[in-house]
Amino acid sequence: MSKYFVGVSYYPEWWPEEEWETDFSKMEEIGINAVRMGEFAWSWYEPREGEFNFEPMRRAVDAAARHGISVIMATTSAVCPPWLYKKHPEVKGGNIYGKYTFGGRKGNCLSSDILREYVLRVTEEQARALGGHPNIVGWQLDNEPGFPFAEYDELCEKKFRVWLRERYGTIENLNREWFNMVWSNWYNDFDEISFPTNSAEGAWTPGLFLATRRFFSDNFNSILNMEADILRKYISKDVFLYTNWPGANWSVSCFDGEKYLDYAGWDNYVPLPVGEDYRIQLRSAMEHDFDRRLSHGKHRFLVAEQTCFPHANALPESLAAQTWLDVSQGAFGTVFFEWRSPLGSIEQNYSSMLAGDLSYCEGAPAVKRFAEEIKHIWPLIDGAETKSDIATLYSYESSWSTPGWVVDGPYDQDFFNIHGAFRNALRRDLDVVGIQDDLSPYKMISAPGLRISTPENAEKLIDYVRRGGILILNRDCGMYDEDNRLYTLCPPGLFREMCGVSVISSISAASMAKQQPDDFVGVEFPDGSRFAAWKDLSKLRIEAPDVEVLATFTCGKLRGLPAITIRPYGDGHIVYLAADCNDYRYYEALAHSLNSRFGFKPYFEAEDGILASRRIKDGKEIFFAVNMTESAKKIVIPQGMVNCLTGEALGTECTVPFFDALVFTKK
């Protein structure tokens with residue numbers, strides 16, 4: 001990229017054309033050099049069926065160009081014009097309460113052939129009209145695909161049955177894989193299968209539920225893939241395709257999305273840090289690492305939306321800190337949402353870059369300062385890579401296998417916590433990987449909640465440990481097959497022999513707290529630090545003489561029994577957690593314990609609140625120390641470093657101002 005995109009979302013269809021120049025001029029004034037436009041403009045393009053007019057948008061793109069502002073254009077399949085719904089009501093889907101009526105956005109039935117026909121037609125017309133414009137540098141597919149997406153209308157149900165027939169071949173195979181003799185759920189034909197949106201006791205069976213999640217993901221990815229195929233006919237190779245995932249873990253398999261996208265993007269609405277409470281930003285860090293993985297090894301991604309308006313209890317400078325975190329982990333642009341708030345509709349009064357009276361919001365000076373500083377640093381890091389030897393493994397199937405439509409449910413919470421905690425405690429970059437990836441570059445991998453695991457995938461992880469890797473597992477790992485059916489094994493299932501332990505019995509943290517009201521229900525490390533358990537506590541049987549205990553339980557009849565174990569296996573080590581905690585610091589304590597043993601050297605030493613990253617370009621290391629707190633923090637760095645922004649030589653002890661970043665490299 002020739003520049004770091006400091007962008008905003010802008011909707012020219014909302015405003016009189018005579019106001020566009022003023023808006024673009026004010027953007028230019030504070031350093032905005034990119035706009036994202038078009039994702040909700042279908043009725044502007046096609047006010048009546050077949051009457052296409054893209055000239056107003058072309059004029060808006062031209063106006064942006066006059067102010068040095070590049071355009072990221074979006075397809076418009078996230079909305080539906082009223083005339084289309086009136087003519088074909090089936091283009092709207094439905095939820096557990098029934099069919100959607102017209103209004104709002106999204107809710108389009110992606111199983112409707114009619115909807116797909118119209119979506120692909122407007123995409124083709126848009127691409128034909130705008131695809132060759134020299135000021136359009138990238139295209140976004142749809143808007144926040146996969147959220148919300150739980151459609152239970154009749155067309156989806158019919159297509160789901162076809163999908164099941166293709167996956168299982170015969171109804172006998174499906175019945176066997178889903179263990180359907182329970183409660184006489186044995187089907188005679190695929191046409192008997194429905195979405196149990198209002199069933200009696202029990203509702204979704206595990207196999208049916210996981211199958212629906214796979215189907216919804218495939219359905220969404222298929223239409224996005226079609227849009228990508230159309231766009232590639234009209235755009236040059238240097239124009240990028242991406243979509244703005246609402247989060248890499250929400251609904252749709254972003255690993256599948258990688259097949260048709262150049263880059264991943266995500267919408268960062270993680271709350272701004274306040275005071276010393278910075279750990280919320282570890283969620284941002286995890287999403288950055290995930291999206292970097294989803295970009296074909298290019299080590300970069302786009303933050304497609306990010307808040308630009310500090311709330312009343314946040315300092316404006318926190319915007320800059322959050323944006324420097326984007327840069328430090330590989331973003332090639334940050335697009336703030338949004339430039340102007342609509343005067344009507346559901347998002348009126350939305351916090352925007354311009355206040356209600358069209359003056360700049362309180363965060364604009366921080367954005368302007370960042371826009372100036374990134375100009376100096378971008379040439380040093382454009383094209384850089386992030387190289388890490390530690391990773392966290394993500395499994396969509398394991399997340400989806402949790403009963404209920406869960407976003408950020410127990411699986412994802414464990415994943416966020418352990419990934420963010422290890423990154424923070426070790427002051428190093430982490431990668432996100434899938435089981436399909438090459439695991440050999442990594443010295444340590446965490447695979448929390450890996451419920452769904454085939455014998456082949458389990459063997460891949462076991463072999464990783466044999467060859468010298470450190471693998472971290474917890475309670476549910478290795479217990480369910482690819483159809484969400486239990487193996488006839490005791491936890492840790494397929495990994496039991498390697499772990500050298502088995503689970504005898506478990507109790508929920510809530511039940512333990514009621515039964516032992518005077519006890520601290522949690523886990524204790526040898527240094528005396530204690531952390532509260534938040535799910536099950538499992539009693540372990542030690543089955544190998546070389547199993548070592550890293551932490552113990554604090555409560556009831558489990559008191560003093562192993563809560564975390566480690567065992568050498570082959571040339572590597574396996575770590576097993578018999579309890580989880582909804583506290584980053586629990587996993588930070590584990591990271592410190594493993595670090596003292598295996599020596600994962602931090603990039604630099606720092607006070608709490610500094611997030612550390614490293615980018616590498618042409619063999620040169622560029623380090624980032626991002627202060628996510630309201631107080632200045634000290635760091636200790638190697639000798640011979642210089643400030644990348646000022647060129648000033650640095651001593652070994654430096655201070656990073658509040659909500660600021662220090663970027664440095666060897667002299």
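The figures here come from the full heavy-atom set of this structure, side chains too, leaving out hydrogens, waters and symmetry mates.
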Participant: Just checking, any donor-acceptor pair under 3.5 angstrom between side chains of Gln329 and Asp289?
Facilitator: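 Yes - a donor-acceptor pair under 3.5 Å links their side chains.
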Participant: Does any donor atom in the side chain of Asp412 or Ser399 lie under 3.5 Å from an acceptor atom in the other side chain?
Facilitator: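 On atom types as modelled, these side chains qualify, holding a pair under 3.5 Å.
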Participant: Could you label the plane-to-plane angle of the Phe240 and Phe5 rings as parallel, tilted or perpendicular, counting under 30° as parallel and over 60° as perpendicular?
Facilitator: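 Judged by the thresholds at 30° and 60°, the geometry between Phe240 and Phe5 is tilted.
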Participant: Salt bridge check, Lys92 against Asp153: does any charged N sit closer than 4.0 Å to a carboxylate O?
Facilitator: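 No, this pair does not count.
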Participant: For the residue pair Ser341 and Glu338, what are the closest heavy atoms and their distance?
Facilitator: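 Looks like CA-OE2, 3.8 Å.
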Participant: Please verify the inter-ring angle class for Tyr394 with Tyr411; under 30° counts as parallel, over 60° as perpendicular, anything in between as tilted.
Facilitator: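 Tyr394 and Tyr411: perpendicular rings.
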Participant: Which atoms form the tightest heavy-atom contact between Leu302 and Gly333, and what is the distance?
Facilitator: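 So the two residues come closest at CD1-O, 3.5 Å.
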Participant: State plainly whether the residues Glu17 and Arg59 are in salt-bridge range, i.e. N to O under 4.0 Å.
Facilitator: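 The answer is yes: the pair qualifies as a salt bridge.
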Participant: Among side-chain atoms of Thr334 and Asp326, is any donor-acceptor pair under 3.5 angstrom?
Facilitator: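 Distance-only check passes for Thr334 and Asp326.
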Participant: Which is it for Ser77 and Glu227 under the side-chain hydrogen bond (donor to acceptor under 3.5 Å, both in side chains) test, yes or no, and what are the steps along the way?
Facilitator: CA-CA 9 Å; Ser77 48; Glu227 290 187 29; 2.6 Å; yes
Participant: Working note: Arg121 + Glu46, criterion salt bridge (Lys or Arg N to Asp or Glu O under 4.0 Å); need CA distance, chi angles, decisive distance, verdict.
Facilitator: CA-CA 11 Å; Arg121 186 177 70 172; Glu46 190 181 9; 3.0 Å; yes
Participant: Do Ser284 and Gln281 have side-chain atoms, one donor and one acceptor, less than 3.5 Å apart?
Facilitator: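 Yes, Gln281 and Ser284 have a side-chain donor paired with an acceptor closer than 3.5 Å.
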Participant: Do the side-chain N and O atoms of Asp431 and Tyr442 include a donor-acceptor pair separated by under 3.5 angstrom?
Facilitator: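 Looking only at side-chain atoms, Tyr442 and Asp431 do form a donor-acceptor pair, the distance falling under 3.5 Å.
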Participant: With no hydrogens and no angle check, is any side-chain donor or acceptor of Lys617 less than 3.5 Å from a backbone partner on Asp382?
Facilitator: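 Checked: pair present.
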Participant: Run the salt-bridge test on Arg232 and Asp262 with the 4.0 Å N-O cut-off and return the result as yes or no.
Facilitator: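 Yes, charged N to carboxylate O under 4.0 Å.
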Participant: Applying ring pair (Phe, Tyr, Trp, His ring centres under 6.0 Å), run through Tyr263 and Phe332 and close with a yes or a no.
Facilitator: CA-CA 10 Å; Tyr263 297 104; Phe332 63 81; 4.9 Å; yes
Participant: Please evaluate residues His288 and Asn268 with respect to the criterion side-chain hydrogen bond (donor to acceptor under 3.5 Å, both in side chains), reporting the C-alpha separation (whole Å), side-chain torsions for both, the decisive distance (0.1 Å), and the verdict.
Facilitator: CA-CA 9 Å; His288 293 343; Asn268 184 3; 4.6 Å; no
Participant: What are the two closest heavy atoms between Lys3 and Gly68, and how far apart are they?
Facilitator: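 For Lys3 versus Gly68, the nearest heavy atoms are NZ-O, 3.5 Å.
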Participant: Can Ser295 and Tyr242 be counted as having a side-chain donor-acceptor contact under 3.5 angstrom?
Facilitator: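 Checked: Ser295/Tyr242 side chains show no N/O donor-acceptor pair below 3.5 Å.
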Participant: Run the numbers on Asn219 and Lys159 for side-chain hydrogen bond (donor to acceptor under 3.5 Å, both in side chains), then give the verdict.
Facilitator: CA-CA 9 Å; Asn219 214 21; Lys159 190 171 182 179; 2.7 Å; yes
Participant: Say whether Trp339 and Asp23, considering side chains only, have a donor N or O and an acceptor N or O under 3.5 Å apart.
Facilitator: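 Short answer, yes.
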Participant: Quick one: sort the Tyr45 and Phe54 rings into parallel, tilted or perpendicular, breaks at 30° and 60°.
Facilitator: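 Rings of Tyr45 and Phe54: tilted, 30 to 60°.
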Participant: Is the side chain of Ser112 donor-acceptor paired with the backbone N or O of Val91 at a distance under 3.5 Å, no angle test?
Facilitator: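 Not at all, since once roles are kept as given, no pair shorter than 3.5 Å links the two residues.
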Participant: Tell me, do Met57 and Met73 make a side-chain contact under 4.5 Å, heavy atoms counted?
Facilitator: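 Met57 reaches Met73 side chain to side chain.
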Participant: Would Tyr100 and Tyr85 count as a ring pair (Phe, Tyr, Trp, His ring centres under 6.0 Å) if you check the C-alpha gap in whole Å, the side-chain angles of each, and the deciding distance to 0.1 Å?
Facilitator: CA-CA 10 Å; Tyr100 295 129; Tyr85 176 78; over 10 Å; no
Participant: Counting the benzene-type ring for Trp, do Phe337 and Tyr350 have ring centres under 6.0 Å apart?
Facilitator: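 Yes.
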Participant: Do Glu372 and Lys368 sit within salt-bridge range, that is, some charged N less than 4.0 Å from a carboxylate O?
Facilitator: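 Answer for the salt bridge query: no.
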Participant: Do the charged groups of Arg283 and Glu287 touch, with an N to O distance under 4.0 Å?
Facilitator: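 Yes.
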Participant: Does the distance from a Lys or Arg side-chain N to an Asp or Glu carboxylate O, for Glu125 and Arg128, drop under 4.0 Å?
Facilitator: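 Looking at Arg128 together with Glu125, the answer is yes, because their closest N to O distance falls below 4.0 Å.
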Participant: Between Phe301 and Trp266, does the ring centroid distance fall short of 6.0 Å?
Facilitator: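 No.
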Participant: Strictly below 4.0 Å, N to O, side chains only: are Glu21 and Arg66 in salt-bridge contact?
Facilitator: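 Yes, charged N to carboxylate O under 4.0 Å.
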Participant: Please name the pair of heavy atoms, one in Ser318 and one in Pro273, separated by the smallest distance, quoted to 0.1 Å.
Facilitator: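 In this case the closest contact between Ser318 and Pro273 is CB-O, 3.9 Å.
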Participant: Are any of the side-chain heavy atoms of Ile445 and Thr392 separated by less than 4.5 Å?
Facilitator: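 No - every pair of side-chain heavy atoms lies 4.5 Å or more apart.
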Participant: Would Arg340 pass as a cation-pi partner of Trp15, given that its NZ or CZ must be under 6.0 Å from the six-membered ring centre and within 45 degrees of the axis?
Facilitator: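 Yes, a cation-pi geometry holds between Arg340 and Trp15.
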Participant: Would you say the side-chain atoms of Arg614 and Thr386 include a donor-acceptor pair closer than 3.5 Å?
Facilitator: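 No, no side-chain donor-acceptor contact under 3.5 Å.
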Participant: Please check this pair: side chain of Lys106 against backbone of Glu144, looking for a donor-acceptor N/O pair closer than 3.5 Å.
Facilitator: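 Between the backbone of Glu144 and the side chain of Lys106 there is a qualifying donor-acceptor contact (under 3.5 Å).
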Participant: Is Lys460 reaching over with its side chain to a backbone N or O of Ile435, donor-acceptor style, under 3.5 angstrom?
Facilitator: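 Looks like yes, one N/O pair under 3.5 Å.
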Participant: Less than 6.0 Å separating the ring centroids of Tyr10 and Phe336?
Facilitator: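 Aromatic pair excluded; centres sit 6.0 Å or further apart.
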Participant: Return yes if a side-chain donor-acceptor contact under 3.5 Å exists between Gln306 and Thr323, otherwise no.
Facilitator: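 Side-chain D/A pair, Gln306 to Thr323: present.
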Participant: Is it true that the NZ or CZ of Lys26 lies under 6.0 Å from the centre of Tyr360's six-membered ring and within 45 degrees of the ring axis?
Facilitator: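 Geometry flag: set, cation within 6.0 Å and 45°.
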Participant: Charged N to carboxylate O below 4.0 Å: is that the case for Lys99 and Glu154?
Facilitator: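 No salt bridge links Lys99 with Glu154.
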Participant: Please walk me through it: do Asp291 and Trp245 pass side-chain hydrogen bond (donor to acceptor under 3.5 Å, both in side chains)?
Facilitator: CA-CA 9 Å; Asp291 280 56; Trp245 305 116; 5.2 Å; no
Participant: Partners of Lys87 by side chain to side chain contact (heavy atoms under 4.5 Å, CB included), sequence neighbours excluded?
Facilitator: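 Only Glu49, Tyr118 meet the side chain to side chain contact (heavy atoms under 4.5 Å, CB included) criterion with Lys87.
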Participant: So do Met353 and Ile30 actually touch side chain to side chain, heavy atoms under 4.5 Å?
Facilitator: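 Answer yes - side chains close enough.
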Participant: If you compare all heavy atoms of Asn249 against all heavy atoms of Phe416, which two are closest, and at what distance to 0.1 Å?
Facilitator: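 Minimum heavy-atom contact is ND2-CZ, 3.6 Å.
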Participant: Please round to the nearest 0.5 Å and tell me the distance separating atom CD1 of Ile377 and atom SG of Cys644.
Facilitator: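 The distance works out to 6.0 Å.
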Participant: Ignoring hydrogens and geometry, is there a side-chain-to-backbone donor-acceptor pair from Tyr396 to Arg214 under 3.5 Å?
Facilitator: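 The answer is no, because no donor-acceptor pair under 3.5 Å joins these two groups.
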Participant: Is it true that Arg293 and Glu258 make a salt bridge, defined as a side-chain N closer than 4.0 Å to a carboxylate O?
Facilitator: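 Result for this pair is yes, salt bridge flagged.
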Participant: Just by distance, no angles: are the side chains of Asn33 and His67 close enough, under 3.5 Å, to form a donor-acceptor pair?
Facilitator: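 The answer is no; no qualifying pair exists.
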Participant: Assess, by modelled atom type and distance only, whether the side chains of Tyr260 and Asn221 contain a donor and an acceptor separated by less than 3.5 Å.
Facilitator: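 Note: Tyr260 and Asn221 side chains meet the donor-acceptor criterion.
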Participant: Any side-chain heavy atom of Arg116 sitting closer than 4.5 Å to one from Ser222?
Facilitator: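 Yes, at least one pair of side-chain atoms sits under 4.5 Å.
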Participant: Less than 4.5 Å apart, any side-chain heavy atom of Glu39 and any of Thr76?
Facilitator: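 Side chain of Glu39 against side chain of Thr76, heavy atoms only: no contact under 4.5 Å found.
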Participant: Name the orientation class of the two ring planes belonging to Phe664 and Phe623 (parallel below 30°, tilted from 30 to 60°, perpendicular beyond 60°).
Facilitator: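 Parallel.
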Participant: Under 3.5 Å, is there a donor-acceptor pair linking the side chains of Asn244 and Gln140?
Facilitator: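 Checked: Asn244/Gln140 side chains pair up, N/O donor to acceptor below 3.5 Å.
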Participant: When you look at NZ of Lys233, are more than 12 heavy atoms from neighbouring residues, nucleotides or ligands closer to it than 6.0 Å?
Facilitator: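 Buried by this count: over 12 neighbours within 6.0 Å.
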Participant: Once you round to the nearest 0.5 Å, how far does CZ of Arg58 lie from CG of Asn135?
Facilitator: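 Rounded to the nearest 0.5 Å, the CZ-CG separation comes out at 11.5 Å.
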Participant: Give a yes or no answer on whether the side chain of Arg423 reaches the backbone of Ala612 with a donor-acceptor pair at less than 3.5 Å.
Facilitator: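 Pair found, side chain donor or acceptor close to backbone of Ala612.
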